[in-house]
> 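Please read through the structure below; I'll follow up with questions.
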Amino acid sequence: MTTTENPTAFGSGNAATDKFKSERVSSDTSVERAGAIIKDVLRSLADVVHKHQVTYDEYRVLKQWLIDVGEYGEWPLWLDVFVEHEVEAVHYDRNNYSGTKGSIEGPYYVEGSPKLPSKCTMPMREKDAAAPSLIFKGQVTDLDGKGLPGATVELWHADEDGFYSRFAPGIPEWNLRGTIVCDDNGFFEITTLEPAPYKIPADGPTGWFIDSFGGHPWRPAHLHLMVKGAGHRSITTQLYFKDGDWVDSDVASATKPELILDPQPNADGVAEVTYNFVLDPE
Ligand code: MBD
Ligand code: FE
């Protein structure tokens, strides 16, 4: 290919929708529970329509926008940005987790990333290798601080331009994605790069939605993680960078004070940070 494709809302949206559709999800929700939830959703909508005296023009604009979100494939994006953090909070509380805090998965996780040894460098292009490196290391432990042998740390994050492999054109399939297999004491040491903040695409319905109320479209720079250990509950979380842009105003409301990294230059001048993951027993 001789031309460079630009990422579009339509492209990343539909890639996320295709990925999600391939998962075939289900839930054992009873008819009674579904009825209770759906009635409350409709009651809340009714309250909004009356409270704000919503007009027919506004209703039709909503209808068009809902159609657009679907056509651009942006339901995974919109829902994960505006709704998932509430579901994640309920999940963490109702299951009485007491280890490392979770955060939202977001639309860009891909299962089955290549396995990497406990000390590794993330798959990256020359262009990524030229960006400032980050050494991210730590240990996966149980609640008593005992290392979990062979725990896995799945890591995925945006590149230095804020784009994710698989969801933006021209990036190798598993770029900046990997499943790190920890050593016999649960330790890992990953060399990667500090990702850029993520901007919701401006040329699609999620971007228009944010513009319509004068919001900003940014997520702070972040690492996505899924951490698993035998006999322990998996966690999905994210880590952010101290004093980074948008850490205090994430469009996806997914930051937590416990999830902020503060990398410092090591003896070689490379930014390095240690973060330990604590998993609850099953
Ligand atoms: C992201 O990178 C992300 O993590 C979320 C939750 C939503 C949109 C883009
Ligand atoms: Fe992300």
Side-chain angles (χ1 to χ4, degrees), residues 7-20 23 69-70 72-92 101-111 113 122-124 128 131 134 136 153-169 171 173-179 190 192-211 215-227 235-241 244-256 259-261 275:
T8 60
F10 189 89
S12 61
N14 279 112
T17 288
D18 289 345
K19 197 273 298 188
F20 186 78
E23 289 166 6
V69 176
Y72 278 71
E74 281 196 342
W75 280 119
L77 175 67
W78 191 90
L79 286 164
D80 293 352
V81 167
F82 293 106
V83 182
E84 189 183 355
H85 64 100
E86 300 293 351
V87 179
E88 192 279 323
V90 169
H91 169 79
Y92 193 89
K101 299 280 186 202
S103 184
I104 64 177
E105 177 179 316
Y108 301 143
Y109 170 68
V110 183
E111 219 183 330
S113 61
M122 292 295 280
M124 63 174 83
D128 304 309
L134 172 72
F136 170 55
V153 175
E154 282 177 77
L155 172 64
W156 71 103
H157 65 80
D159 65 16
E160 62 281 15
D161 299 320
F163 297 124
Y164 286 85
S165 59
R166 284 277 304 263
F167 301 93
I171 306 177
E173 194 177 15
W174 296 110
N175 207 242
L176 301 174
R177 295 177 183 275
T179 301
I190 305 163
T192 187
L193 56 100
E194 204 172 310
Y198 180 86
K199 185 173 180 281
I200 306 283
D203 59 330
T206 304
W208 309 333
F209 171 85
I210 292 165
D211 275 351
H216 82 248
W218 291 95
R219 295 213 65 222
H222 56 278
L223 304 174
H224 287 275
L225 299 132
M226 210 175 274
V227 184
I235 56 163
T236 298
T237 193
Q238 298 187 36
L239 293 169
Y240 305 90
F241 298 91
D245 289 339
W246 322 110
V247 169
D248 298 324
S249 61
D250 180 5
V251 66
S253 314
T255 62
K256 296 180 185 179
L259 300 176
I260 312 280
L261 301 175
Y275 194 90

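Every heavy atom of this structure was used, including side-chain atoms; hydrogens, water molecules and symmetry mates were not. Indexing begins at 1, ligand by ligand and atom by atom, following the structure's order.
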> Considering only heavy atoms, does Glu84 approach ligand 1 within less than 4.0 Å through its side chain, its backbone, both, or neither?
neither
> Output yes when the distance from some N or O of ligand 1 to some N or O of Tyr198 is under 3.5 Å, and no in every other case.
no
> Is the shortest distance from a Lys or Arg side-chain nitrogen in Lys256 or Glu88 to a carboxylate oxygen in the other one below 4.0 Å?
yes
> Indicate whether the side chain of Arg219 and that of Tyr240 have a donor and an acceptor atom separated by less than 3.5 Å.
yes
> About how large, to 10 degrees, is the angle NE2 of His224, then the Fe ion (ligand 2), then OH of Tyr164?
100°
> Keeping the roles fixed (side chain from Asp159, backbone from Phe163), state whether a donor-acceptor pair exists under 3.5 Å.
yes
> Considering both backbone and side-chain atoms of His222, is one of its nitrogen or oxygen atoms within less than 3.5 Å of a nitrogen or oxygen in ligand 1?
yes
> Regarding atom 2 (O) of ligand 1: of the candidates Tyr164, Phe167, Phe82, which has the closest heavy atom?
Tyr164
> Atoms of ligand 1 less than 4.0 Å from Leu77 heavy atoms?
8 (C)
> Does either side chain, that of Thr236 or that of Glu105, offer a donor lying less than 3.5 Å from an acceptor on the other one?
no
> For Gly73, does its backbone N or O pair with a side-chain atom of Thr17 as donor and acceptor, under 3.5 Å?
yes
> Run the numbers for me: atoms of ligand 1, each under 4.0 Å from some heavy atom of Gly106, listed by number.
6 (C)
> Residue-level breakdown please: for Ala254 versus ligand 1, do any non-hydrogen atoms fall below 4.0 Å on the side chain, on the backbone, on both, or on neither?
neither
> Tell me whether Ser165 contacts the main-chain N or O of Asn175 through its side chain, where contact means a donor paired with an acceptor under 3.5 Å.
yes
> Run the numbers for me: atoms of ligand 1, each under 4.0 Å from some heavy atom of His224, listed by number.
2 (O), 4 (O)
> Under a 4.0 Å N-O cut-off, is there an ion pair linking Glu23 with Lys19?
yes
> With a cut-off of 4.0 Å, which atoms of ligand 1 are near a heavy atom of Val81?
7 (C), 8 (C)
> Under 2.8 Å from the Fe ion (ligand 2), is there an N/O/S atom belonging to His222?
yes
> Side chain, backbone, both or neither: which applies to Glu105 and ligand 1 if a contact is any heavy-atom pair less than 4.0 Å apart?
neither
> For atom 6 (C) of ligand 1, which protein heavy atom lies nearest, and how many Å away is it?
Ile104 CD1, 3.3 Å
> Establish, from distance only, whether the side-chain atoms of Ser113 and Thr179 form a donor-acceptor pair under 3.5 Å.
yes
> Are His157 and Tyr108 close enough that a side-chain donor and a side-chain acceptor fall under 3.5 Å?
no
